[in-house]
Amino acid sequence: LVTGGPLSNVAAFLRNTTLPIETMVIQGGFAGEGVAPEEHQLKKFKGMTHCVTTNFNANVPAAQAVLGSERIGKRYCVGKNVCHGVTYTPSLEMMVQRRSTTNLAADLIFQGMQKYRTQAYLGAHPLGKALHDTLAACIVVDRTVCEFKEVDMQYHRSAHSWGCVL
C-alpha cells in the first residue's frame with residue numbers, strides 16, 4: 001500500500017476490517033537531526049529534529065492510529081526532508097523506464113510521469129521536478145532508492161510537528 005496524503009482512509013480501513021496490511025509506504029513524517037546523517041540533511045532542515053508535515057497533520061488521530069497499528073507488517077515513511085531533496089530528472093526517468101519493462105509498478109509510474117512531463121509545469125523545470133508522492137511510489141518498486149532506519153515516530157502536539165528517534 002502506498003499513501004500520498006492524509007492517512008484518514010487507511011485508519012478507516014483498520015477500524016472497519018480485521019485484514020492486515022503487509023507493507024506500507026507512507027509519504028509523511030520527518031527524519032531529522034540524530035537520524036539523517038549530516039551530509040544528507042538539506043540546508044533548510046539542518047539541525048531540526050521535528051517539522052510540520054502536512055500529510056500527518058491533516059488528520060493527527062489517523063496518523064497516530066496507522067503508525068501504531070500492529071496489523072501493519074512493515075512501514076516505510078518517506079519524510080518531508082527526504083522528498084524535498086529528490087527531483088525527477090532525466091537520469092531518474094531512465095532508471096524508472098529500464099525497470100518498467102519488467103515491473104508493473106515501475107511501468108505505471110513511468111506512464112504517469114510521462115503524462116506529467118507533457119504538462120507545462122514540468123516543462124518549466126527542465127532540471128527536474130521535486131518529488132513527493134512519486135518518490136514514495138518509486139520505493140515500492142525499489143527500496144534501495146532510499147536508506148531506511150527503524151525509528152520511533154513522535155508527534156509534538158504543542159508545535160504540531162513530527163520527528164523520530166532511533
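Model, not experiment: these values are computed from the prediction.
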Give the cluster check for [X] versus [Y]: same hydrophobic cluster or not, with ILVMFWY residues linked at side-chain heavy-atom distances below 4.5 Å.
| X | Y | answer |
| --- | --- | --- |
| Leu19 | Val66 | yes |
| Leu108 | Phe110 | no |
| Ile72 | Val2 | no |
| Val151 | Val25 | no |

Any donor-acceptor pair under 3.5 Å linking the side chain of [X] with the backbone of [Y]?
| X | Y | answer |
| --- | --- | --- |
| Arg71 | Leu14 | yes |
| Lys149 | Val35 | yes |
| Asn103 | Arg99 | no |
| Ser69 | Ala65 | no |
| Gln41 | Ala36 | yes |

Min side-chain heavy-atom separation [X]-[Y] under 4.5 Å:
| X | Y | result |
| --- | --- | --- |
| His50 | Cys164 | no |
| Cys77 | Leu67 | yes |
| Phe13 | Leu1 | no |
| Val78 | Ile26 | no |
| Met24 | Ile21 | yes |
| Thr3 | Asn55 | no |
| Thr23 | Tyr76 | yes |
| Val52 | Trp162 | no |

Euclidean distance, Lys74 NZ relative to Arg143 CZ, rounded to 0.5 Å
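Going from CZ on Arg143 over to NZ on Lys74, the span is 7.0 Å.
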Any chance you could measure Ser100, atom OG, to Met94, atom CE, to the nearest 0.5 Å?
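CE of Met94 is found 12.0 Å from OG of Ser100.
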Run the ring pair (Phe, Tyr, Trp, His ring centres under 6.0 Å) test on Phe45 and Phe30 for me, step by step, so that the C-alpha distance in whole Å, both residues' side-chain angles and the decisive distance to 0.1 Å come before the verdict.
CA-CA 10 Å; Phe45 297 121; Phe30 184 77; 5.4 Å; yes
Does atom NZ (Lys46) have a neighbourhood of more than 12 heavy atoms from anything else shown, all under 6.0 Å?
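Atom NZ in Lys46 is crowded, with more than 12 foreign heavy atoms closer than 6.0 Å.
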Is it true that atom CG of Asn9 has more than 12 heavy atoms of other residues, nucleotides or ligands lying nearer than 6.0 Å?
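Check fails, neighbour count at 12 or below.
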Would you sort out whether Tyr155 and His160 count as a side chain to side chain donor-acceptor pair (under 3.5 Å), showing the intermediate values?
CA-CA 7 Å; Tyr155 175 63; His160 303 290; 3.1 Å; yes
